[in-house]
> 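Just passing along the structure, written as structure tokens.
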There are 2 protein chains.
Amino acid sequence: LISATALEGLPEVHPGDDLAGLLHAAGGPFGAGDVLVVAHKVVSKAEGRVVRLADVEPGPDAQWLADQHDKDPRHVQVVLDETEELVRAERGVLICRTRHGFVCANAGVDASNAAESDSLVLLPEDPDASARALRAALRRYGDGTAPAVLITDSFGRAWRHGQADVAIGIAGLQPLEDWRGREDSVGRELRATWIAVADQAASAADLARRKDARQPAVLVQGLDAHVTADDGPGAAALVRTRDEDLFR
Amino acid sequence: LISATALEGLPEVHPGDDLAGLLHAAGGPFGAGDVLVVAHKVVSKAEGRVVRLADVEPGPDAQWLADQHDKDPRHVQVVLDETEELVRAERGVLICRTRHGFVCANAGVDASNAAESDSLVLLPEDPDASARALRAALRRYGDGTAPAVLITDSFGRAWRHGQADVAIGIAGLQPLEDWRGREDSVGRELRATWIAVADQAASAADLARRKDARQPAVLVQGLDAHVTADDGPGAAALVRTRDEDLFR
């Protein structure tokens, strides 16, 4: 049995806020087998990863792309600052490979739910480090016991409509479960079975959340078998590198 | 609160079996707000969508591809028969666009968990029609009440490791929830929010399932707000058409 329950009563998060304390107050104490799934926006805000448009000076590339795609050149400049490689710029969509290796629209830069209407929220600088820090802080609040922590974002998909939440930062949950080489119920090798557990947990959590009701954190239970005492390889293990990219 | 519970006690499914009857016996009666998530393999097997390798005569294209990628030419022939467009054939992986428009490895043709070791399981001919038929049959078993039905498969992703389950056939669940144009918690338009509810439900269900324990069916509860009396547009609404594909 897997369950996902949104935490109620989290206040608006501001730079410098003690996010672990707010999460603990809203839903703690958490168990050692729990997975606490947190939308990256509140993590980014607590870390001060917010840019005011008024402070941005767009360069010529941003100006050109903004003209081509009918966008605010300051917004495009912030996206380019977060981008390692512009994968596609087509039909008003900028698909970027971020510094972390994630391929997503606008390099994860987002205006929605920013506290101030003229500001943009970036992805955390190092989401795996953010997840580890959040887990460590929750352990202090939990008297030595901490849940696994997932930091998530909503990503589009290459060949399917709509977005699904994925893990961009992980501490204490196996990102992948590898059944390749193991046997199925009739003793045959399961060759193509390499399960993105953390991404599926991110998607499960998103179903429990109302987008208009400030529910950035969701408690997922029943994944104890995938929770680890050590923080593990993080969401970096989920990134298909440029080298492995079949679509370059 | 969202929950996902694997159904216990489903027997091995054979061509011609009454899958609705087996599902009803294992976990029914189901409620009108329930979502019953079924791995496509048992649907395909019940529908007889199984090919024996001994009956396959590979053509020259299959022979050539099999040589290039170190595969069984009969297996490749079955994949090509299910393929509308070969998107990529690289490093031993055939990525195909199926007749249904799905982009996935080997056109969804799979050997694992097939009852006989020399046979392959195909995707259902029309998975949305299969979902509707299954829902209608469950309604008969449920004295007029039926759950929504999702038929799922595990798909790889373009830029991320591992597989996540997605919906390939749907009856009675909104495939997508559209928040575009609606407002977030500070009254700002949620521009990029178009949620693949059905795919996220498929992923949530997969977390509840043990791959080696014959648990093809999972009951997901708590999605009542997305369940509809009519069968709706099906998983066809999740397919990004070739026309919309940013990566051609």
Side-chain angles (χ1 to χ4, degrees), chain A residues 1-5 88 90-91 93 95 102-103 105 110-115 117 154 157-166 175-176 179 182-186 188-197 199-201 203-204 206-208 211-214 222-223 237-240 245-247, chain B residues 1-5 88 90-91 93 95 102-103 105 110-115 117 154 157-166 175-176 179 182-186 188-197 199-201 203-204 206-208 211-214 222-223 237-240 245-247:
Chain A
L1 172 70
I2 305 292
S3 71
T5 314
R88 283 290 186 287
E90 207 174 332
R91 305 175 220 186
V93 179
I95 298 180
F102 304 134
V103 176
D110 207 337
S112 71
N113 269 314
S117 59
S154 304
R157 290 91 50 87
W159 304 291
R160 295 178 72 79
H161 285 148
Q163 301 164 335
D165 274 24
V166 298
L176 294 152
W179 287 84
R182 292 202 253 169
E183 293 184 344
D184 70 9
S185 60
V186 294
R188 169 185 310 221
E189 188 185 343
L190 283 163
R191 289 208 296 177
T193 304
W194 192 32
I195 304 168
V197 171
D199 286 342
Q200 294 199 136
S203 287
D206 189 54
L207 291 173
K211 293 275 169 183
D212 60 350
R214 194 183 292 148
L223 291 175
L238 286 161
V239 171
R240 197 186 278 273
D245 186 339
L246 297 174
F247 294 91
Chain B
L1 173 69
I2 305 291
S3 71
T5 315
R88 284 288 186 287
E90 206 173 332
R91 304 172 220 187
V93 179
I95 297 180
F102 304 132
V103 176
D110 207 337
S112 72
N113 270 312
S117 61
S154 304
R157 291 90 52 83
W159 303 292
R160 295 178 74 79
H161 286 148
Q163 300 164 334
D165 273 26
V166 298
L176 294 152
W179 286 84
R182 292 203 253 167
E183 294 185 343
D184 70 10
S185 60
V186 294
R188 170 185 310 220
E189 188 184 343
L190 282 164
R191 290 208 295 179
T193 305
W194 191 32
I195 305 167
V197 171
D199 286 342
Q200 295 199 136
S203 288
D206 189 54
L207 291 174
K211 294 274 169 183
D212 60 349
R214 194 182 293 148
L223 292 175
L238 285 162
V239 172
R240 198 185 278 273
D245 186 340
L246 297 174
F247 296 89

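Order of the sequence lines sets the chain letters (A, B, ...), proteins ahead of strands, with each chain counted from 1.
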> If we define contacts as heavy-atom pairs under 4.5 Å, which of B:A204, B:A105, B:A164, B:A196 has the most with chain A?
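Of the options given, most contacts go to B:A196.
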> Minimum heavy-atom separation for B:Q200 to A:Q163, with atom names?
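Closest approach of B:Q200 to A:Q163, heavy atoms only: OE1-O, 4.2 Å.
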> Quick check on A:A201 against chain B: is it the side chain, the backbone, both or neither that has a heavy atom closer than 4.5 Å?
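Answer is both: backbone and side chain atoms of A:A201 are under 4.5 Å from chain B.
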> Which heavy atom of B:H161 sits nearest a heavy atom of A:V239, and at what distance?
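Nearest pair, atom of B:H161 first, then A:V239: CE1-O, 3.2 Å.
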> Should A:V166 and A:L238 count as side-chain neighbours, where that means a heavy-atom distance under 4.5 Å?
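No, their side chains stay 4.5 Å or more apart.
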> Is chain B contacted by the side chain of A:L176, its backbone, both, or neither, given a heavy-atom distance below 4.5 Å?
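For A:L176, side-chain heavy atoms alone lie under 4.5 Å from chain B.
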> Mind ranking B:T5, B:D165, B:L1 by heavy-atom pairs under 4.5 Å with chain A and telling me who comes out on top?
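Option with the greatest count: B:L1.
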> Shorter than 4.5 Å, heavy atoms on both sides: which option in A:A4, A:S3, A:A208, A:P175 has the most such pairs with chain B?
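The answer is A:A4.
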> Top residue by heavy-atom pair count (under 4.5 Å) with chain B, among A:V197, A:D199, A:L223?
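Looking at each of A:V197, A:D199, A:L223 in turn, A:D199 comes out on top.
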> Using side-chain heavy atoms (C-beta onward) and a distance below 4.5 Å, is A:V103 in contact with B:R157?
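With C-beta onward as the side chain, the pair stays apart.
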> Which distance, rounded to the nearest 0.5 Å, do you find between the OG of A:S154 and the CG of A:D110?
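The CG atom of A:D110 is 8.5 Å from OG of A:S154, to the nearest 0.5 Å.
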